[in-house]
**Q** 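The structure under discussion is supplied below as structure tokens; questions concerning it will follow.
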Number of protein chains: 2
Amino acid sequence: MTPVTKLDVEQKPTKAGNQDEHIYGQMFAAILEQRLSPGTKLSEDVLGEIFSVSRTVIRKILQRLAHEKVVNILPNRGAYVSEPTPDEARDVLDARKVVEEGIMRRVIKNISASDIRHLEGMLIEEATSIERGEHSRWVALSGDFHLALAKIAGNESLTDYLRELVSRTSLIHVQYQSKKMGNQSCSCEEHGDIIQAIREGSEEKAVQLMIDHLQVCEEQLNLDGKEPESDLYEIFSGTTGSDA
Amino acid sequence: MTPVTKLDVEQKPTKAGNQDEHIYGQMFAAILEQRLSPGTKLSEDVLGEIFSVSRTVIRKILQRLAHEKVVNILPNRGAYVSEPTPDEARDVLDARKVVEEGIMRRVIKNISASDIRHLEGMLIEEATSIERGEHSRWVALSGDFHLALAKIAGNESLTDYLRELVSRTSLIHVQYQSKKMGNQSCSCEEHGDIIQAIREGSEEKAVQLMIDHLQVCEEQLNLDGKEPESDLYEIFSGTTGSDA
DNA sequence: TACATAAAAAATGTAGACAATATGTCGCAT
DNA sequence: ATGCGACATATTGTCTACATTTTTTATGTA
């Protein structure tokens, strides 16, 4: 799981089957790791040249990313890295509270000893990445922790949906990270607390810890300042001559 | 065999912009209304001829439907109408319990008088469709009821996800409808009970009614008998001479 | 007759060409 | 000089042709 530093285009002429998947992974990682900032235009021609494929395959991948809400496709205008609005951000975090409560209740019922060891291992990785100051790696690992819980819960549909929500959460963190970043390591401790509650088998405690954890995540964001574009209509409503 | 019964192709040469949306809607409806049965192959050439467009646009639409889990694309093999397995069916229904509990709690907080009137109107439409024996219409209306609640809850992400889950639920009902269909009208009454609980503003009651409602839906299904294809191996194991 | 192999047909995967649309620039009239 | 309009450029949307893969059919042999 090397996060790929520079869009590393590896040609695989022998096996064309997972070429798509490879390019998709590159672009997905590039967006989540903030190497492509929100709003960046994703030109079909340029991407096609970078990956040495035709626009056809690029278009397919862009459409997939668009369905996952990671990029935004405007008709006849092209694809852009998503710029989630504060409303979208709130929806995503709220949806996570709903989904992850359900996941947690199912985790408590399904959890095995090896599952717990796996979670503990992830926790150590997280702590290590924080110590080393590898921010984007920590973001990825933090997401992996939640996805690991979803997998333990054993519902594939919920897992896929949470994967989308986690991706969007990363984009949101990038765009709305507040100034007071000191308590980032908290998340790691909170993950530890959650594991402890799971160990004890106390469902309500685990659920509450998870919801609180997501609440903290939301409150760390700066969702009140900038609301790009959408507000233009409100801002300038009534200022144009023709309008009532 | 010609599985495509009648796809009502309406040409709109003037506006090419939402041509995609039109074709998508036709195919989506055809699948959910059981005019295309699960497992039917969706040939790009055939669909392209039917809608008078090239394979390019058909492929785009098939990929969208695939992402929504309504069709299944096999590499180099083509697209087929999804045949949800019993496990997938259980996942979908279970995911709905999670999501719709969260939606219901948010509905209770957001509900307005006009919202309630709207829900009551939908209930009447449902009852009418049941009286007239319009089964597929009732299935659609029943789904719309749940989606209306999601909209009232006001979370776009959850609404989109529930839309996917409702679509898949329709496919599941088609494939696993049990013999004892007498208590179909129950669902309509259950929807009425839910509205009543919302009117009263009793959150726990409304949530419990919704979960019970989904539980009834799941129990009406016949998820133990046929497991398409996979079971062939079990069914015929031991009957062939070579096997132990 | 049954099975294995190979050729043929059909469908999907990809690439490039052309058409439609949006953006940017320049010129002209006021 | 400013504002409007037409042309030029660039990008996306769609179609067609070709390459690859799968499926079917035919044929030869045991």
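Lettering of chains follows the sequences in order, A, B, ..., and the numbering in each one begins at 1. The basis for the numbers below is simple: all heavy atoms, side chains too, and nothing from hydrogens, waters or symmetry mates.
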**Q** Between the base of dA11(C) and the side chain of S43(B), is there a donor-acceptor distance below 3.5 Å?
**A** no
**Q** Would you kindly compare R77(A) and S54(A) by the position of their nearest DNA chain C nucleotide and give the one closer to the 5′ end?
**A** S54(A)
**Q** If you only use heavy atoms from C-beta on, which nucleotide in dT12(C), dT12(D), dA15(C) is closest to the side chain of K41(A)?
**A** dT12(D)
**Q** How many angstroms lie between NE2 in H22(A) and CD in Q19(A), if you round to the nearest 0.5 Å?
**A** 7.0 Å
**Q** In this structure, how many angstroms lie between the C1' atom of dA15(C) and the CG atom of D45(A), rounded?
**A** 13 Å
**Q** Looking only at the side chain of N76(A) (C-beta and beyond, no hydrogens), which of the listed nucleotides dT14(D), dT12(C), dT12(D) gets closest?
**A** dT12(D)
**Q** In terms of the nearest nucleotide of DNA chain C, which residue is placed more toward the 5' end: K60(A) or R55(A)?
**A** K60(A)
**Q** Go through dG13(D), dC15(D), dT12(C) for me and flag the one nearest to the V53(B) side chain.
**A** dC15(D)
**Q** Judged by modelled atom types alone, do E68(A) and Y24(A) share a side-chain donor-acceptor pair under 3.5 Å?
**A** yes
**Q** Minimum heavy-atom separation for E156(A) to D91(B), with atom names?
**A** N-OD2, 3.0 Å
**Q** To the nearest Å, give me how far apart CZ (R59(B)) and P (dA11(C)) are.
**A** 14 Å
**Q** With ring pair (Phe, Tyr, Trp, His ring centres under 6.0 Å) as the criterion, how do H135(A) and H173(A) come out once you've worked through the C-alpha distance, each side chain's angles and the decisive distance to 0.1 Å?
**A** CA-CA 11 Å; H135(A) 179 70; H173(A) 266 99; 8.3 Å; no
